[in-house]
Structure formats: C-alpha cells, structure tokens
There are 2 protein chains.
Amino acid sequence: MAFKGDLEALILAVLSDHALHGYEISKRIRSQSQEVLKYGEGQLYPALHKLEESGFIEAEWMLQDGKPDRKVYSITPKGREELERHRSAWAKFVSGVGGIFASHAVEGGK
Amino acid sequence: MAFKGDLEALILAVLSDHALHGYEISKRIRSQSQEVLKYGEGQLYPALHKLEESGFIEAEWMLQDGKPDRKVYSITPKGREELERHRSAWAKFVSGVGGIFASHAVEGGK
DNA sequence: TATTTATACCTAGAAATCAGAGGTATAAAT
DNA sequence: ATTTATACCTCTGATTTCTAGGTATAAATA
C-alpha cells in the first residue's frame, strides 16, 4: 500500500542535511522520531545498499584507527527527487488514513 | 513497527458507526480515504475473520433472495477499545515520521 | 578481571504481509 | 454474449520485515 515506516524515505530525509554513516543514521531515526521508529541493523544496512544501488545515495569509506571504520553516505540529486516523491506519498497516505479515522470520530471527546 | 495501512484498524473505524457487510466495508475504505487505501478481497476477508476470532467484531448472516447473501459485521465493546489503541498508535506513528520529515524540511519552500 | 555497553560493519533465514489470481453464484447492463 | 456489479471465499507467489547471528575494538562497569 505504501508506507509502514518506509525506511528508505526516512534514510533519505536524515541524509538531506549532512552525510552520515549507517550507525549514526539508525540512532538519528530513533531519536528524531521520539523513539517511535526503531530499526535493527538487519534492516538498515540492506536498505542502505539498495539505496546506493539505485543511485539515491553514495558511500565513501572513512578510515579510523582503533575504532571500526565508517562508511559515510551522502544523498545524490536523484535521491533528493526520490525524497520528494516519498514526502508527497506520505502526505497522501496520512490524509487517506485520516479520512477514515476522522469520519468516525470518538464520541465524548472533551 | 506498526501501521502500513493496518487494515484491522481501518475496518474497526468504519464499523464504529454502523454495522456493514464486507463488500461495503472495502468500498468505504476506498472512498473515505479518497482512493488512497485500496484493499483486495484477498486481504479484506481474512482480516474480517481474524477480527471476529479475536472478538473485536461479530457477524450475522442477512439472507437475500436473488442477490448474494450478506454477512453483516458489527463492532463489539472490546473492538471499540481496540480501535482506541489503534488510534493512539497511529497518532504516535504520524508524529514519529513527522519528526523526521519536519527536522529536514525542504529548503526553498515558498 | 570479567562482563557488559558502545561503536561499526554485515548476512541469512524465519516470519509476516501483500497483491493478485482464482473460484462460486446471481442479476443487470451493455 | 460479454462485461460489470454484487457478495462471499481461498490460495499462492512475491515481497517485506524482523530476529538472530557473525566479526572486531575500546571503554565502562561490576
């Protein structure tokens, strides 16, 4: 139907300001959604690879010593377009569900 | 994660005003969501059966002659409680996704 | 010192979900 | 004669999602 959390859209959104590595992306989705959206790494990394394959994001390794290396992702122009498509799909979806919940409002709302 | 259309919540919502038969439920979800939410019968009927099993809705056959008989579903008190849980889960989900899309707003908005 | 927590990447398989096709049956419209 | 609409239903293949596992280092805690 579209959207259940649509991880790809969320990734593109958090990358739209600054390039970030995967681990950081997952933490930001968690915190910026007020802990509502939580994705395991088993979901995140495949999603990143798919976005990269599609040309919506690009990766670059950032080597660190001592700590694990980081793969830093940044959004591409094509990715920004895709983000806009996701944004409007989301808006449509919200209004669709809202249309149903609203037309059957709870009686006795204070 | 919760919600992708969460058909069960939508069914409970459209049943909260009046009892309806399956075929009518699917048409209302379609129209009241402005054609955004479309479920095939292959999704609808199993969902109805599951809701009935859980005691959230009740069914009664309404015999018709000439036309196919109808199985009319009505929401139970337990179903209304469930609907409220779905409603608040939805609200939380929307604010979660909104939290991400909003903190990375499109530049150049007029 | 041993264990847990945090960092950072990744794959694979099980479970759940979804869309579409198929199946039965009648009546009305084209 | 065929299509559309009504009205119920199941099943299967594809996709999606989640969980659990696997590697490796450093810092904090017990």
Side-chain angles (χ1 to χ4, degrees), chain A residues 1-11 14-15 19-31 33 35-54 57-74 86 89 93 96-97, chain B residues 1-11 14-15 19-31 33 35-54 57-74 86 89 93 96-97:
Chain A
M1 183 73 57
F3 244 99
K4 168 152 183 185
D6 217 325
L7 182 50
E8 298 194 11
L10 302 171
I11 291 172
V14 299
L15 285 181
L20 296 168
H21 62 279
Y23 195 73
E24 180 67 25
I25 292 170
S26 84
K27 285 197 299 178
R28 296 214 178 182
I29 289 178
R30 230 186 202 83
S31 66
S33 72
E35 312 294 314
V36 175
L37 276 8
K38 293 172 193 174
Y39 292 94
E41 301 181 347
Q43 288 169 265
L44 182 76
Y45 291 108
L48 286 170
H49 300 156
K50 200 182 152 200
L51 283 169
E52 194 183 358
E53 247 183 86
S54 310
I57 61 176
E58 284 172 337
E60 205 182 334
W61 277 100
M62 194 149 281
L63 306 177
Q64 302 198 122
D65 50 275
K67 285 159 202 159
D69 296 336
R70 291 169 167 174
K71 206 181 200 173
V72 176
Y73 291 96
S74 45
H86 278 295
F93 181 65
V97 176
Chain B
M1 185 72 59
F3 247 100
K4 169 151 179 185
D6 216 324
L7 182 50
E8 297 193 13
L10 301 170
I11 291 173
V14 298
L15 286 180
L20 296 168
H21 62 279
Y23 195 72
E24 179 67 25
I25 291 170
S26 84
K27 284 198 299 180
R28 296 214 178 183
I29 289 177
R30 230 188 202 76
S31 66
S33 72
E35 313 293 313
V36 176
L37 277 6
K38 294 172 192 172
Y39 292 93
E41 301 181 348
Q43 286 170 265
L44 182 76
Y45 291 109
L48 286 169
H49 301 154
K50 201 182 152 200
L51 283 169
E52 195 184 358
E53 247 182 85
S54 311
I57 60 176
E58 283 172 338
E60 206 181 335
W61 277 102
M62 193 149 284
L63 304 176
Q64 301 197 121
D65 49 276
K67 284 158 204 160
D69 296 336
R70 289 169 168 176
K71 204 180 199 171
V72 176
Y73 291 95
S74 46
H86 277 295
F93 181 65
V97 177

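In this text the structure is predicted, and so the values were computed from the model without any measurement. Protein chains get the first letters and strands the later ones, always in sequence-line order, with residue 1 at the start of each.
- The two residues B/Tyr73 and B/Leu15 make their nearest non-hydrogen contact at O-CD2, 3.5 Å.
- The side chain of A/Gln64 contributes an N or O atom lying less than 4.0 Å from OP1 or OP2 of C/dA8.
- In this structure, NE2 of A/His21 is placed 12 Å from P of C/dC10, rounded to the nearest angstrom.
- Remark: C1' of D/dT15 and CD of B/Gln43 are 12 Å apart, rounded to the nearest angstrom.
- Within the structure, every side-chain polar atom (N or O) of B/Lys27 is placed at least 4.0 Å from both OP1 and OP2 of D/dA5.
- Comparing D/dA7, C/dT7, D/dC8 by their closest approach to the side chain of B/Glu41 singles out D/dC8.
- A 3.5 Å limit on both hydrogen-bonding distances identifies D/dA24 as the Watson-Crick or G-U partner of C/dT7.
- Contact annotation: B/Lys67 side-chain N/O to D/dC8 OP1/OP2 distance is not under 4.0 Å.
- Comparing A/Asp65 and B/His49 along DNA chain D, the residue whose closest nucleotide (by nearest heavy atom) sits nearer the 5' end is B/His49.
- Looking at the side chain of A/Pro68, the nearest of the listed nucleotides C/dC9, C/dA8, D/dC8 is C/dA8.
- With distances taken from any side-chain atom of B/Tyr23 to the nucleotides D/dA5, C/dA19, C/dC9, the minimum falls on D/dA5.
- For the pair B/Tyr39 OH and C/dG20 P, the interatomic distance rounds to 13 Å; values are reported in whole Å.
- When all heavy atoms of B/Gln64 and B/Asp69 are compared, the closest pair comes out as N-OD1, 2.8 Å.
- Here the P atom of nucleotide D/dG21 and the CG atom of A/Leu44 are 20 Å apart, to the nearest Å.
- For C/dT30, the paired base is D/dA1 (Watson-Crick or G-U wobble, both distances below 3.5 Å).
- Here the closest non-hydrogen pair linking B/Tyr23 and B/Tyr45 is N-OH, 3.8 Å.
- A/Gly42 comes within 4.0 angstrom of a nucleotide base, judged by non-hydrogen atoms across all strands.
- Remark: A/Glu60 CD is loosely packed, at most 12 non-hydrogen atoms of other residues, nucleotides or ligands lying under 6.0 Å away.
- Between A/Trp61 atom CH2 and C/dC9 atom P the separation is 6 Å, expressed in whole Å.
- A/Tyr45 has its OH atom 17 Å from the P atom of D/dT23, to the nearest Å.
- In this structure, of C/dT7, D/dC8, C/dC10, it is C/dT7 that holds the atom nearest to the side chain of A/Arg70.
- In this structure, CZ of A/Arg28 is placed 13 Å from P of C/dT7, rounded to the nearest angstrom.
- For the pair B/Gly22 and B/Leu44, the tightest heavy-atom approach, listed with the atom from each and the gap, is O-CD2, 3.2 Å.
- For B/Pro46, counting side-chain heavy atoms from C-beta on, the closest listed nucleotide (C/dA6, D/dT10, D/dA5) is D/dT10.
- Spacing between atom NZ of B/Lys71 and atom C1' of D/dT6 amounts to 17 Å, rounded to whole angstrom units.
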